[in-house]
Each structure stands twice: as C-alpha cells, then as structure tokens.
Number of protein chains: 2
Amino acid sequence: MAKKAEQRRQQILKAAFDAVSDKGYESVTLQDIADYADVSKGVTNYYFENKVDVFAHLLEWITTRIYEKEAASIKEKNTALEQLEAYINQVFISPEENKTFYRVYLDFLSQSKNHQRYQEINRQFYENCWSLGTDIVNQGINEGIFRVSDKEQAAHSIRSIIDGSLIQWLMRDEDDLHAYYKSLCHQSILRLLQVEK
Amino acid sequence: MAKKAEQRRQQILKAAFDAVSDKGYESVTLQDIADYADVSKGVTNYYFENKVDVFAHLLEWITTRIYEKEAASIKEKNTALEQLEAYINQVFISPEENKTFYRVYLDFLSQSKNHQRYQEINRQFYENCWSLGTDIVNQGINEGIFRVSDKEQAAHSIRSIIDGSLIQWLMRDEDDLHAYYKSLCHQSILRLLQVEK
DNA sequence: CAAAATAATTTGACCAGTCAGTATAATTTG
DNA sequence: CAAATTATACTGACTGGTCAAATTATTTTG
C-alpha cells in the first residue's frame, strides 16, 4: 500500500526528529535514526534517497507544522489584538514543546547555508510567517489601533522579534524564563505597532 | 617564547575561523585547520587539548571581539541616539564581514545546547550585550527621549531585535538586503524605545 | 480455496572512506 | 646536545551507503 509506505516515512521522520532533538543535527547517524524508529538501518535508505533527503523532509514537516498551527490559532480570533496574542501564545506554546521544536529548527537554520534545499524550505517558511504578520497588521489598521506606515516592514519586524526572543530564551536555558520571554515578545511587538495604552 | 606560542594559537584560531566560515562547523576537520594555518596536523594538537578546545577558544575570541567593537563604537558618541546608531552600524558592519562572522556565530549557537562550554561563553556574551543596551537606555532616559519603564527588559528586547534581524537577513541571502535590515533593526528599536518623531 | 509465484519490504553484514587522536620521527632552537 | 616544536605515519573507531539474502505481503493459477 501507498498508505503503509507513508506511515513508514512518518515513523522515520519522527525518529529523526527525536534523534536530532537528543543529539543535535551533526551527530545523528543513519543508525541512530534506525534505532529511534525501531527498524534496521537499511529501511531509511529504502524510503529516502539519503540522509540529507531525510532531513529535508523533516525540516519541511517542522516548518509547515509550525506555520499551520500558528495560522489555525490566529483564525479563531476576530480582533487584531486577540489574533496577535493567539499568535504569540502559539509561538510560545509550552517550555517542553518549544525547546525540542526550536532547538531542532535552530540546528537546521545553521545548516541552511550549506544546503540549498534547507534554505529553500526556510524561505518558504518565512514567507508564510510574514503573511500571518501582514494579516494581523491589516486587521489592526482597519480597526484603527495599529499605527504602521509600511506593512511589509512591520511583518518582517514582527518575525524578527519573535525569532530573537525565542533564541535568547533558548540560549539562556534557565527555568521560569519561558513566560518572561513570551511576555517580552508580546510587549515588544505591541510597542512596535504603536498600540495606544 | 610564550609570545611565539601565543602567536601560533592566534594563527590556529584564525585558521579555524576561516575554515568554519568556508565549510561550516560540522564539517571542519583538524586537517582543515592545519591546512588553513599552513602547518601540519600535529601542531593543532600541540597547542590545544582537542578539537572542542580549539572551537571553544574560537567562540570566545569571536564573541569578545564583537562585544569590544560594539562597546568601542558606542563610547565614541555622546547622545543616546548617536550611540544607538553607532551600535547598529557596528552590528551591521558590512555585508562581507557580517556574513562570515554571524554565520560562524550561528553555527556555534546551534551547538551550544550540546556543549556546556559554548553555552557558558554565550551567556557571557549576552550579558555584555545587555550591558551595552542598558547603558544606551539609561543615557536616553536621562536625556528624556526614551520612554521605558523596565530597563533590563528593554535591553533584552533590543538584543532580540538585533539577533532576529541579523538572522532573517542571513537566511534570506539575497543581494541588497543588508541596508534594509540594518534600517529595519534601527527603526524597530527606536519604536520600542518610543522615541518621539 | 490452497499452493505456487511474484513483488515488496526488511535485515544486517559489509565496504570504502574519513576522522580525531596518538606515537614517533625529524627538525629547529637556544 | 637537549629541549621544544613541527611533520609524518599510523590506529582504531565510526559513518553513509550498498546489497544479497531473508522475510513478509500480495497476486496468480490450477
């Protein structure tokens, strides 16, 4: 079945994700992936061209998953402020989920310069993120609560603040900072959009 | 004597930097470093404990160099706005220097979670950066042009914006975006600090 | 339906290559 | 010459990828 094959691929991707999360991109071997997936080494090469191919699919999976979750939680809300809050809430889901997800994502970011394919996937991810930002900004402008001259620029800036906050949080690796950086990120963006107090 | 030895170390670190810049952290070998330094492989192991030791010294060198340059260019200026501009100018020196430096730095960031030692060096770097931000914020508050309630928070936020902008610029890897992200970063921080137009 | 044939999947041994680190030899220096 | 430094050769561990054989699933046939 094509169904069965798709399941196997998912299983391998999940295993690759766990492996990278535990050991870091560079040190994950094909054997690791096989071990995490509870299959033998050959399987990975049966379903994917090679190691890079596995990782490219993994990056694609991660970024689209992040984007879709963000888009979904925004769509539930009506006002720009609620949407923004939902966005930030989704970005900073929970310390556990965040750490694993964004550590792996950061690994890929630093690999992007060496792999054209990763870079392309990440470019797509950025565009998705910007479109989320633009939508919220448009909504806020229509509501008359955001004061922004250049919408595209605002979208870029929003994502900068999000990524910058996430990375700083990730790097400090102390307890109890998750809520702090979530709030910092939220407030920074509100100031950027010049929302009246 | 000890002078010569120190020179050799510097030579090796510079070689390691060039190698990482060209090939990326994960794929640099001890042989690469030796080749870039025009010495034989044994030399690296003579002056450093092992590969990680070389890289830890390199990270330390990079981060203190970035910090010192930033601190120096800020010190030249008197007003908060000038200082901020000098800061941003130094962060976004030139496309060439930026790309090499921050690509290597990003490599280290993603490795930090796996190496306690890298993490410690990076923590120190963050604290230095925050102190730069705090100084400028204090100056601006004294001048009455920044409206910030929490200075520490402002410092964190400033560095978030800087890192976020740098990474987004790095990842897009298109021509002519350097000036755009420099300006975006500058304007975002000004808005954050609620400078009157 | 059952046996046989065929196709798809899985396994793990294996290969050729690479690397970090070590040991030792050669060279320089004082 | 002796100590410090550098060059070279080597080792053992590990990796990505291959592949023939084994196993399992599916289809065909009588």
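Throughout, protein chains are lettered first and strands after them, A, B, ... in sequence-line order, and every chain is numbered starting at 1.
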Please state how far atom [atom1] in [X] lies from atom [atom2] in [N], giving the value in whole angstrom units.
| X | N | atom1 | atom2 | answer |
| --- | --- | --- | --- | --- |
| B:Asp35 | D:dT8 | CG | P | 12 Å |
| A:Glu49 | D:dG16 | CD | P | 16 Å |
| B:Gln11 | D:dT5 | CD | P | 14 Å |
| B:Glu26 | C:dC19 | CD | C1' | 13 Å |
| A:Leu30 | C:dG17 | CG | P | 18 Å |
| A:Arg9 | C:dT10 | CZ | P | 12 Å |
| B:Asn45 | D:dC10 | CG | C1' | 14 Å |
| A:Phe55 | D:dG16 | CZ | P | 8 Å |

Proximity to the side chain of B:Lys41 - top-ranked nucleotide from C:dG21, C:dC14, C:dT10: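 Output: C:dG21.
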Closest to side chain of B:Tyr47, choosing from C:dT11, D:dT6, D:dA7: D:dT6
Under 3.5 Å on both distances, the Watson-Crick or G-U partner of C:dA5: D:dT26
Looking for any heavy atom pair under 4.0 Å, which part of the strands does [X] touch: base, sugar-phosphate only, or nothing?
| X | result |
| --- | --- |
| A:Val52 | nothing |
| A:Val54 | nothing |
| A:Phe48 | nothing |
| B:Val43 | sugar-phosphate |

Heavy-atom donor-acceptor pair, A:Lys51 side-chain to D:dG17 base, under 3.5 Å: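 Looking at the base of D:dG17, it does not pair with any donor or acceptor on the side chain of A:Lys51 (distance under 3.5 Å).
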Whether A:Glu152 side chain and A:Thr134 backbone form a donor-acceptor pair below 3.5 Å: no
Check: B:Ser21 side chain, B:Phe17 main-chain N or O, donor-acceptor pair, under 3.5 Å: no
Whichever of A:Thr29 and B:Asp38 has its nearest DNA chain D nucleotide further upstream toward 5': B:Asp38
Distance test, side-chain N/O of B:Tyr46 to OP1/OP2 of D:dT6, below 4.0 Å: no
Modelled atom types, side-chain donor and acceptor of A:Glu127 and A:Ser131, under 3.5 Å: no
Check: A:Phe125 ring centroid to A:Tyr105 ring centroid under 6.0 Å: yes
Proximity of B:Tyr180 and A:His156 rings by center, below 6.0 Å: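 Ring-ring flag for B:Tyr180/A:His156: true, centres closer than 6.0 Å.
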